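Just so it is clear, the structure is predicted and the values come from calculations on it, not from any experiment.
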Amino acid sequence: MNAIMGMTDIASTHIDTPEKVQDCLRKISLSSQHLLGLINDVLDMSKIESGKMTLAEEVIDLPEVMDTIVSIMQSSVKARQQHFDVRLRHIRHEQLCCDSLRLRQVLINVLSNASKFTPPGGTVSFDIEETASENAAKAWFKFTVRDTGIGIKPEFLRDIFKPFTREKDSRIDKTEGSGLGMAISKKIVDLMGGTIEVSSEFGTGTEFTIRLPLPISELELGNFKFPDLKIIVVDDDVIVCEHTTELLRQIGIRSDWETCGQRAVQKVLAAHQAGEPYDAVILDCRMPDQDGVETAAIIRRAISEPLPIILISAYDSADVETKARQAGVNGFMTKPVFMSTLCRALQRYVLGQAAADEQKSKTDFSGKRFLLVEDNALNREIAMEMLESAGAVVESACDGAEGAAKFAAAPAGYYDLLLMDVQMPVMNGYEATQKIRASAKTDARTVPIVAMTADAFAEDIIEAKKAGMNSHLAKPLNLATLVREINKQLQKH
């Protein structure tokens, strides 16, 4: 809070110096994020101590959850110049039932700590494995996070899951943290019916192992059909090669793999000269000696015929996209590579078919009209600015009663989506939603209504759904999350 207030004062006194103001805003943003994390930790701990923490049960798409986690971690490992490895093993189920918010919270907490306490140039690895289960309705998952960081002293390992506990060590005195993350993670894992274990060698590194039984959703993945294809997978990690080629085998695609870019080029050229060319190349971005971009460029120079090349990486592909495109790369995939993401990439980049979810990243809301119901003027201004910057037309209401009245007075189909604050005077968001859903208008039961609230606990999410809301956004609003959720609801509608 001192940093936020201090940097605000500094920015106001240097208003004519854009560089100084920009630096202050960056530090305010970082401090705000840290403060928000501390507040959320304290609130979570309060729920735990009162025995009121509960978990929501919703259908989750495991690839989507893991993609979010990897995306969040990319900036951290990039800033610390660390190696980040993400691997899958024996994944058979992707549609599961659990509290996605809490699952992400646990995994991001453990991964963030791994990165935080690993020096530059070190390695953080993240393995996701589906293990054998005696219960046909549940899938057991093992999440393993390893790092080559500073390690944990044996005497502290006994207390690592206790609240407000931090190791006394001069190497981490300047590292931010509340001492609550591990205690909260342990409680969430316990509520999920799983286990969390830690082993560490002081000065060498740490390993966390989380085992969770996750109910299997009845939803099935789409049917993917492919012609007779032959693909080569190139990655310096043998586990990734074996996993990806096994996925290809399961959908009837012949495949080879290689751990070296130079040897991969030799294989591709030999197959081409023998009249049995590969139909596609899947290349890891970061490999020793010769990376994926260099390998792609060599293949392109040697073979004139069209050959789809897909680059895979656990890092942000935006950093190398221009260079990769120039080298001849056709498309990109983010690790870990699930069956569904692999199939969609093959459909798009190899078969030339438009991906069914290609519009998910769309951020242009031109032609869309939203009703924002929010009693706080500052929050209303922020949300309107975010939505209008994405091209939407936004109308607003100051409380639930006014919001319900505006919806009732508008023609059917006038609003494409409603954003509804929960805690408001006159009529709260739950009551306003119930009134809208009960009205006689033809779109009253179908118009998407998204809850906005500072309460992000499971019981609040359940309450929102009971009132007739379609989904739930936690404050403070984040533009990327806001856009993603609105896109999801518009596509469903």
Side-chain angles (χ1 to χ4, degrees), residues 1-41 68-84 108 111-122 124 171-178 285-286 293 313-326 332 334 361-366 372 374 376-392 394 452 454 473-484 486:
M1 181 58 73
N2 284 337
I4 293 169
M5 295 173 68
M7 286 297 154
T8 302
D9 287 341
I10 292 172
S12 64
T13 58
H14 292 79
I15 200 70
D16 295 324
T17 311
E19 296 82 6
K20 188 67 174 178
V21 172
Q22 188 64 38
D23 180 61
C24 289
L25 289 174
R26 182 183 64 83
K27 291 173 181 175
I28 289 170
S29 177
L30 291 172
S31 298
S32 299
Q33 292 170 22
H34 179 56
L35 180 59
L36 179 62
L38 293 176
I39 292 170
N40 285 335
D41 282 348
T68 301
I69 291 171
V70 171
S71 297
I72 291 171
M73 287 304 303
Q74 284 171 349
S75 60
S76 174
V77 297
K78 178 183 177 182
R80 295 180 172 90
Q81 299 179 316
Q82 295 163 341
H83 301 285
F84 186 35
I108 290 172
L111 283 164
S112 296
N113 279 348
S115 178
K116 192 187 300 182
F117 299 118
T118 297
V124 176
R171 299 171 300 170
I172 64 171
D173 285 345
K174 294 182 179 180
T175 304
E176 295 177 337
S178 63
C285 183
R286 296 196 181 188
V293 175
S313 176
Y315 304 87
D316 187 356
S317 60
D319 293 340
V320 298
E321 184 169 353
T322 301
K323 187 178 178 182
R325 295 279 186 195
Q326 292 171 347
F332 304 86
T334 301
S361 61
K362 183 179 176 185
T363 58
D364 183 10
F365 293 141
S366 298
L372 172 66
E374 164 68 71
N376 184 287
L378 184 57
N379 289 342
R380 195 163 58 246
E381 180 183 350
I382 292 169
M384 289 185 72
E385 179 63 31
M386 286 182 175
L387 295 168
E388 289 173 348
S389 68
V394 186
M452 302 185 303
L473 284 171
K475 293 180 182 179
L477 296 177
N478 170 275
L479 179 58
T481 304
L482 179 65
V483 168
R484 184 167 57 248
I486 289 176

Please name the pair of heavy atoms, one in Ala314 and one in Val70, separated by the smallest distance, quoted to 0.1 Å.
O-CG1, 3.6 Å
If every non-hydrogen atom of Cys24 is compared with every non-hydrogen atom of Ile10, which pair is closest and at what distance?
SG-CG2, 3.5 Å
Working to the nearest 0.5 Å, report the span between NZ of Lys116 and OG1 of Thr118.
11.5 Å
Rounded at 0.5 Å granularity, tell me how far CZ in Arg286 sits from NE2 in His83.
8.0 Å
Within-4.5 Å side-chain heavy-atom neighbours: [X] and [Y]:
X: Ser115; Y: Met73; result: yes
X: Leu111; Y: Ile72; result: no
X: His14; Y: Glu19; result: no

Could you work out, with side-chain hydrogen bond (donor to acceptor under 3.5 Å, both in side chains) as the rule, every residue matching Lys78, not counting sequence neighbours?
Asp319
Taking only residues two or more places apart in sequence or in another chain, which ones pass side-chain hydrogen bond (donor to acceptor under 3.5 Å, both in side chains) with Gln74?
none
Which residues share a side chain to side chain contact (heavy atoms under 4.5 Å, CB included) with [X], sequence neighbours left out:
X: Glu321; answer: Arg325, Phe332
X: Asp23; answer: Arg26, Lys27
X: Ile4; answer: Thr8, Ile28, Ser31, Ser32, Leu35
X: Ser313; answer: Cys285, Tyr315

Only one of Leu482, Leu372, Asn379 forms a side chain to side chain contact (heavy atoms under 4.5 Å, CB included) with Met452, so which one is it?
Leu372
How about Gln22: does its CD atom have over 12 heavy atoms from other parts shown lying under 6.0 Å from it?
no
